[in-house]
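In this text, all values refer to a predicted model and were calculated from it rather than measured experimentally.
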Protein chains: 2
Amino acid sequence: MPGMDSEFDRDTAVTLREPGVYDAELSAGWTIIHAVNGGYLLALLGRALGDALPHPHPFTISAHYLTPSVPGPAVVRTETVRAGRTLSTGQASLFQYAEDGTEVERIRVLASYGDLDALPDDVRTTAKPPAIPPREHCLGPGDGPAPIPGSSAITERLDIKLDPTTLGWAVGAPSGKGEMRAWFGLADGREPDPLSLLLTVDALPPTSFELGLTGWTPTVELTAHIRCRPAPGPLRVSITTRNLAGGFLEEDAEVWDSADRLVAQSRQLARAPRG
Amino acid sequence: MPGMDSEFDRDTAVTLREPGVYDAELSAGWTIIHAVNGGYLLALLGRALGDALPHPHPFTISAHYLTPSVPGPAVVRTETVRAGRTLSTGQASLFQYAEDGTEVERIRVLASYGDLDALPDDVRTTAKPPAIPPREHCLGPGDGPAPIPGSSAITERLDIKLDPTTLGWAVGAPSGKGEMRAWFGLADGREPDPLSLLLTVDALPPTSFELGLTGWTPTVELTAHIRCRPAPGPLRVSITTRNLAGGFLEEDAEVWDSADRLVAQSRQLARAPRG
């Protein structure tokens with residue numbers, strides 16, 4: 001059971017203020033330049049919903065990002081939309097405070113929760129784990145000839161080793177393919193669980209870097225399906241963009257665990273950088 | 001401009017009752033056996049949101065299906081969550097009435113709307129249109145040796161011609177692959193638009209048929225991205241399931257228009273049939 005010795009658990013903690021309402025503190029430890037990472041925020045909202053709803057795990061969670069979040073106090077307001085036998089549906093909004101104290105909505109989420117541990121064991125999958133070199137042949141922020149630029153607070157909390165074939169952008173030679181692959185873990189060794197997968201699906205550099213576009217890629221909407229409780233050990237993440245058009249792009253993420261199970265699938269719609 | 005001579009437009013019409021609230025009548029013409037098609041319902045909700053929000057087109061729309069809808073009266077209650085310059089975010093719920101007149105929520109939706117006609121023309125895509133035989137080599141409900149069983153009201157309103165290689169289920173020989181491909185149009189010739197694409201992404205037989213599972217596949221959540229206004233003419237739809245596990249499966253849909261543009265992408269999480 002993950003506890004408060006984990007940075008992720010400490011920084012996504014929520015405190016019940018009244019039924020369905022939770023106080024939170026957005027940590028500066030999960031920022032990229034000035035922005036708070038969207039996956040970290042989704043995990044925090046997911047934790048509040050897991051407390052408010054009768055079922056523990058996000059089976060499918062859809063987030064629409066409204067305004068940029070900043071480190072500091074926040075409140076999560078949840079609503080139980082429907083409580084069923086095997087699935088419950090809930091809604092949650094993350095608010096922060098304007099200078100005059102009024103609440104400003106940052107993110108709104110709809111989600112259906114269930115119990116992953118109650119599912120049958122059947123698996124019929126044609127999906128294959130991503131082709132990614134062994135971890136020792138992949139590269140992180142501290143690794144020699146290809147240091148990852150724009151180092152941010154979040155990189156200290158993640159243990160990401162990128163597939164060198166998706167790292168061309170870091171040495172000024174993007175591949176032109178909308179692909180990003182990496183080994184993923186939390187830097188303090190905290191093992192993956194359904195909640196941390198919500199961070200994992202949105203924690204790699206954007207695929208637009210490999211398309212030669214180096215600006216900000218703000219998420220409009222992200223939906224994640226958590227399909228299986230992840231086994232302990234390193235995760236593999238593959239992100240693919242197939243269609244950059246009209247100033248928007250999609251990012252499809254898959255997360256595989258150490259037991260070769262597809263544990264999460266996500267897709268987001270993001271604004272493409274102008275660069 | 002589509003008008004009331006179109007079955008789709010007539011049956012997805014909404015009438016303003018008061019600001020943000022719309023009356024509707026769910027038509028029995030879009031049912032599969034007893035259930036009202038989820039794509040038809042999404043299009044109806046999408047129409048109400050397009051009226052309520054300052055932008056016309058659903059760029060990304062996420063629907064969580066709560067209880068089964070039935071033909072008859074309904075009300076859509078919308079909320080404008082945020083109105084921005086290029087994107088607006090809204091929420092909508094479809095309710096029907098219990099015997100005592102109380103409202104029962106059927107579907108809840110979060111969506112971000114924009115203006116497809118205001119987007120730049122840039123397209124950088126690696127996605128390829130689905131490999132599907134010419135329309136005259138594909139098969140519809142009325143075609144000879146492989147009639148599609150379980151004929152329902154909705155089949156009369158759609159002009160669907162299925163790729164024979166994804167039609168094994170109709171002759172008792174499912175391929176075992178989670179794939180379904182078809183040419184798609186509306187039977188009365190109404191041309192596609194951003195709203196009708198919300199129907200298109202959820203209108204084919206479920207991929208589970210080709211996996212040899214013949215029961216009901218109820219949608220838990222469906223998110224669709226509308227990426228481009230479709231050109232007139234027939235659409236091609238490809239649906240893929242890669243991971244059937246723990247009693248759930250995902251269905252990924254792509255819709256391509258007659259100008260070879262990827263106009264819509266969607267993914268749903270559904271309960272797998274037990275069969």
Is [X] close to chain A through its backbone or its side chain, or both, or neither, when contacts mean heavy atoms under 4.5 Å?
| X | result |
| --- | --- |
| B:Q265 | both |
| B:R108 | both |
| B:S88 | neither |
| B:T60 | both |
| B:T241 | backbone |
| B:R124 | both |
| B:K177 | neither |
| B:T223 | side chain |

Taking every non-hydrogen pair under 4.5 Å, which of [options] racks up the most with chain A?
| options | result |
| --- | --- |
| B:D122, B:V109, B:T67, B:L116 | B:D122 |
| B:E105, B:E221, B:K128 | B:E221 |
| B:A111, B:G84, B:C228 | B:A111 |
| B:R227, B:R82, B:H225 | B:R227 |
| B:L119, B:T125, B:L110 | B:L110 |

Please step through ring-ring contact (aromatic ring centres under 6.0 Å, His included) for the pair A:F59 and A:Y113, ending with a clear verdict. CA-CA 5 Å; A:F59 278 25; A:Y113 273 56; 8.3 Å; no
Keeping [X] on the side-chain end and [Y] on the backbone end, is there a donor-acceptor pair under 3.5 Å?
| X | Y | result |
| --- | --- | --- |
| B:E179 | B:I239 | no |
| B:T78 | B:G20 | yes |
| A:E251 | A:L269 | no |
| A:E210 | A:M180 | no |

Could you walk me through whether A:D252 and A:T240 pass the side-chain hydrogen bond (donor to acceptor under 3.5 Å, both in side chains) check? CA-CA 5 Å; A:D252 275 14; A:T240 308; over 6 Å; no
Contact class of [X] relative to chain B, heavy atoms under 4.5 angstrom:
| X | result |
| --- | --- |
| A:T89 | side chain |
| A:E250 | both |
| A:L211 | both |

If we define contacts as heavy-atom pairs under 4.5 Å, which of [options] has the most with chain B?
| options | value |
| --- | --- |
| A:L87, A:V220, A:T86 | A:L87 |
| A:Q91, A:R261, A:H64 | A:H64 |
| A:L262, A:N243, A:T126 | A:N243 |
| A:V123, A:L66, A:L249 | A:L66 |

How many angstroms lie between CG in A:L44 and CG in A:L198, if you round to the nearest 0.5 Å? 11.0 Å
From B:L26 CG over to B:L94 CG, what is the distance, rounded to the nearest 0.5 angstrom? 5.5 Å
Can you tell me if B:T219 and B:Q268 form a side-chain donor-acceptor pair at under 3.5 Å?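 Yes - a donor-acceptor pair under 3.5 Å links their side chains.
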Anything under 30° is parallel, anything over 60° is perpendicular, the rest tilted; go ahead and classify B:W169 against B:F209. tilted
More than 12 heavy atoms of other groups within 6.0 Å of B:D121 CG: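 Count not over threshold, so no.
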Please evaluate residues B:R267 and B:E254 with respect to the criterion salt bridge (charged side-chain N to carboxylate O under 4.0 Å, His left out), reporting the C-alpha separation (whole Å), side-chain torsions for both, the decisive distance (0.1 Å), and the verdict. CA-CA 9 Å; B:R267 178 177 289 160; B:E254 282 187 6; over 6 Å; no
